[in-house]
Amino acid sequence: MPELPEVETIKLGLHRTILNQKITKIDILLPKMFSGDPTVVTNATISDIKRRGKMLIIDVTKDSYLYHLLIHLKMTGQLIFESQTKPGFGGGHPVPPLNTPLPNKSTKIIMEFESEDKLYFNDLRTFGYIKLVPARQLHENTFLQQIGIEPLTPEFTLETFAKLLEKRPKANIKAFLLDQTHIAGLGNIYTDESVFRAGILPWRIVSSLSEQEILLLHGSIKDVLQAGIELQGASQTSYIGVDGKKGTFLAQAAVYGRANLPCLNCGQPIQKTKWAGRGTHYCSNCQK
DNA sequence: TGCCCCCTGCAG
DNA sequence: CTGCAGGGGGCA
């Protein structure tokens, strides 16, 4: 699923399309994917769109009360905007790269706006969700409670990163980076890319990292995520933006999805194995 | 900290 | 047909 750069791209897309729009209707086609009182959403207005790690937070205001729509896309969630009037957003026509009009088989929740624009929440594997919570109950959300630092903020300094690592000296670096309670937003793709760029093998034990390696890794995490955002995300299988377009980060990826292909740095074949429960790509020559 | 699980579809 | 896929919750 979408990792930080994909969710950030969607957030920016939603800013351009649904901010300040009034919701007139919500259709929940798969009840398990929505929790909370859906009647609250009707006639509410989108007042802000934010991101925390891989979680999207859409503020909706109704009768001067504030609520949050917590949206997690998990592995295959998509948010696709469709407009009859705004150019470049479908309008009853198939949105590339989809080859069927919306709604399609994966569509699970549909939001309609006063403008007659629509937002489709598609999710093939149905792991994603929308949770509606009143503002005063936001702090009760355990996922948001436990989530770690935002890696693209000024607070994510080298010193902060080093201190986080000190708290889990025995973990391997891949599992550490995937753990959302330490750093928010890294997933399988950007983790593999980050450790590659830093020249570190994914199963290295945290306490074995040198100061120089920590410095390199800190920089590569930020660089990789920033590149992901600039290229509008990584479209391995199902990720698309609000405009229906794929991201192009994977064309630039050094290891992810490149098993058996020559390393861009040294030419040796990229290896793929399983680590921390996930497919893990690396170069046994460039990473130590 | 490491598995199994939630699902569906597609590559090998 | 089996295994695998951008996640993460729940369970030893």
Side-chain angles (χ1 to χ4, degrees), chain A residues 1-11 29-35 51-56 70-79 97-100 104-109 121-131 141-148 151 167-195 202-207 221 224-225 227-229 231-241 246-253 255-260 272-281:
Chain A
M1 126 26 164
E3 305 178 33
L4 186 153
E6 290 74 37
V7 180
E8 181 69 14
T9 302
I10 289 171
K11 185 196 87 180
L29 308 178
L30 186 62
K32 73 157 187 172
M33 288 181 59
F34 188 95
S35 66
R51 179 190 59 74
R52 187 74 176 87
K54 303 172 194 173
M55 181 87 89
L56 265 178
L70 305 182
I71 305 184
H72 204 303
L73 300 172
K74 291 289 181 82
M75 300 286 268
T76 52
Q78 305 173 322
L79 287 172
L98 301 177
N99 49 17
T100 54
N104 64 28
K105 204 177 182 181
S106 297
T107 305
K108 307 303 175 193
I109 297 173
F121 185 4
N122 284 10
D123 192 352
L124 188 145
R125 292 174 71 182
T126 74
F127 294 163
Y129 58 77
I130 301 182
K131 293 180 197 289
N141 183 274
T142 52
F143 181 80
L144 289 176
Q145 254 175 30
Q146 297 177 39
I147 200 166
K167 290 203 289 188
R168 285 286 181 283
K170 290 187 284 189
N172 63 75
I173 192 61
K174 173 146 183 169
F176 177 90
L177 294 175
L178 287 174
D179 188 333
Q180 301 298 296
T181 67
H182 303 130
I183 300 170
L186 285 167
N188 208 33
I189 295 178
Y190 295 95
T191 295
D192 280 4
E193 292 299 310
S194 296
V195 294
W203 45 85
R204 282 279 299 284
I205 299 301
V206 165
S207 62
I221 289 168
V224 153
L225 293 174
I229 293 171
L231 297 171
Q232 303 186 76
S235 293
Q236 169 66 13
T237 54
S238 60
Y239 169 75
I240 52 177
K246 295 186 180 195
T248 57
F249 176 81
L250 282 183
Q252 300 235 120
V255 287
Y256 189 90
R258 301 194 68 250
N260 302 318
K272 184 178 179 188
T273 183
K274 197 151 200 166
W275 195 260
R278 321 292 299 273
T280 298
H281 313 70

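In the text below, chain A, chain B and the rest are named by the order of the sequence lines, each starting its count at 1.
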Novice: Nearest whole angstrom, please: distance from the P of C/dG8 to the CG of A/N188.
Specialist: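 Atom CG in A/N188 sits about 11 Å away from atom P in C/dG8.
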Novice: Expressed in angstrom and rounded to an integer, what is the separation of A/R52 atom CZ from C/dG8 atom P?
Specialist: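 Rounded to the whole Å, the gap is 13 Å.
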Novice: Ignoring hydrogens and angles, tell me if any N or O in the side chain of A/K131 forms a donor-acceptor pair with the backbone of A/N141 under 3.5 Å.
Specialist: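 Here the side-chain-to-backbone pair does not exist.
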Novice: For the pair made of NE2 in A/H182 and P in B/dT1, what is the distance, rounded to whole Å?
Specialist: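 After rounding, the reported distance stands at 7 Å.
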Novice: Test of understanding: with salt bridge (charged side-chain N to carboxylate O under 4.0 Å, His left out), list the residues that count as partners of A/K108, not counting sequence neighbours.
Specialist: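 In terms of salt bridge (charged side-chain N to carboxylate O under 4.0 Å, His left out), with neighbours along the sequence ignored, A/K108 is linked to no residue.
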Novice: Of the listed nucleotides (C/dA5, C/dG8, B/dT1), which one gets closest to any side-chain atom of A/M75?
Specialist: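 Closest nucleotide to the A/M75 side chain: C/dA5.
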Novice: Step by step, work out the ring-ring contact (aromatic ring centres under 6.0 Å, His included) result for A/F121 and A/F34.
Specialist: CA-CA 11 Å; A/F121 185 4; A/F34 188 95; 9.8 Å; no
Novice: Have a look at A/T142 and say if it touches a base, only the backbone sugar-phosphate, or nothing, with a 4.0 Å heavy-atom cut-off.
Specialist: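 Nothing, no heavy atom under 4.0 Å.
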Novice: Specify the separation, in whole Å, of atom NZ of A/K170 and atom C1' of B/dG2.
Specialist: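 Rounded to the whole Å, the gap is 15 Å.
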Novice: Hey, does A/L250 have a side-chain heavy atom less than 4.5 Å from the side chain of A/Y256?
Specialist: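 The answer is yes, as the side chains (C-beta and beyond) meet within the 4.5 Å cut-off.
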Novice: Does the side chain of A/E6 reach to within under 4.5 Å of the side chain of A/Y190, using non-hydrogen atoms?
Specialist: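 Side-chain contact under 4.5 Å: yes.
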Novice: With a 3.5 Å distance limit and no angle check, can you tell me whether A/E3 reaches the backbone of A/G187 through a side-chain donor-acceptor pair?
Specialist: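 Yes, because the side chain of A/E3 sits within donor-acceptor range (under 3.5 Å) of the backbone of A/G187.
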Novice: Base, sugar-phosphate alone, or nothing: which one does A/G277 contact when heavy atoms must sit under 4.0 Å apart?
Specialist: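 No contact.
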Novice: Do A/H72 and A/F143 make the cut of ring centroids closer than 6.0 angstrom?
Specialist: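 Here the rings of A/F143 and A/H72 have centres that are less than 6.0 Å from each other.
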Novice: If I take atom CG in residue A/L144 and atom P in nucleotide C/dG8, what distance separates them, rounded to the nearest angstrom?
Specialist: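 Going from CG in A/L144 over to P in C/dG8 covers 11 Å.
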Novice: Just how far, in rounded Å, is P of B/dC6 from OH of A/Y129?
Specialist: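 From A/Y129 OH to B/dC6 P: 18 Å.
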Novice: Under a 3.5 Å cutoff on both atom distances, Watson-Crick or G-U, what's the dot-bracket for DNA chain C ([ ] crossing, | other strand)?
Specialist: |||||.||||||
Novice: Write down the distance between NZ (A/K272) and P (C/dA5), rounded to a whole number of angstrom.
Specialist: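 Rounded to the whole Å, the gap is 4 Å.
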Novice: Are any of the side-chain heavy atoms of A/Q78 and A/D123 separated by less than 4.5 Å?
Specialist: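 No, too far: nothing below the 4.5 Å cut-off.
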Novice: Are any non-hydrogen side-chain atoms of A/N172 and A/V206 less than 4.5 angstrom apart?
Specialist: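 No, too far: nothing below the 4.5 Å cut-off.
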Novice: What integer distance in Å separates A/Y190:OH from C/dA5:C1'?
Specialist: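 Taking atom C1' of C/dA5 as the reference, OH of A/Y190 is at 16 Å.
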Novice: Does A/K54 place a side-chain N or O at less than 4.0 Å from the phosphate oxygens OP1/OP2 of C/dG8?
Specialist: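 Yes, A/K54 has a side-chain N/O under 4.0 Å of OP1/OP2 on C/dG8.
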Novice: How far, in whole Å, is C/dG10 from B/dC7 if one measures between their P atoms?
Specialist: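 15 Å, rounded to whole Å.
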Novice: For nucleotides 7-12 of chain B, give me one character per nucleotide, 5' to 3': B if any protein heavy atom sits under 4.0 Å from the base, S if the only such contacts are to the sugar-phosphate, - if neither.
Specialist: BBS---
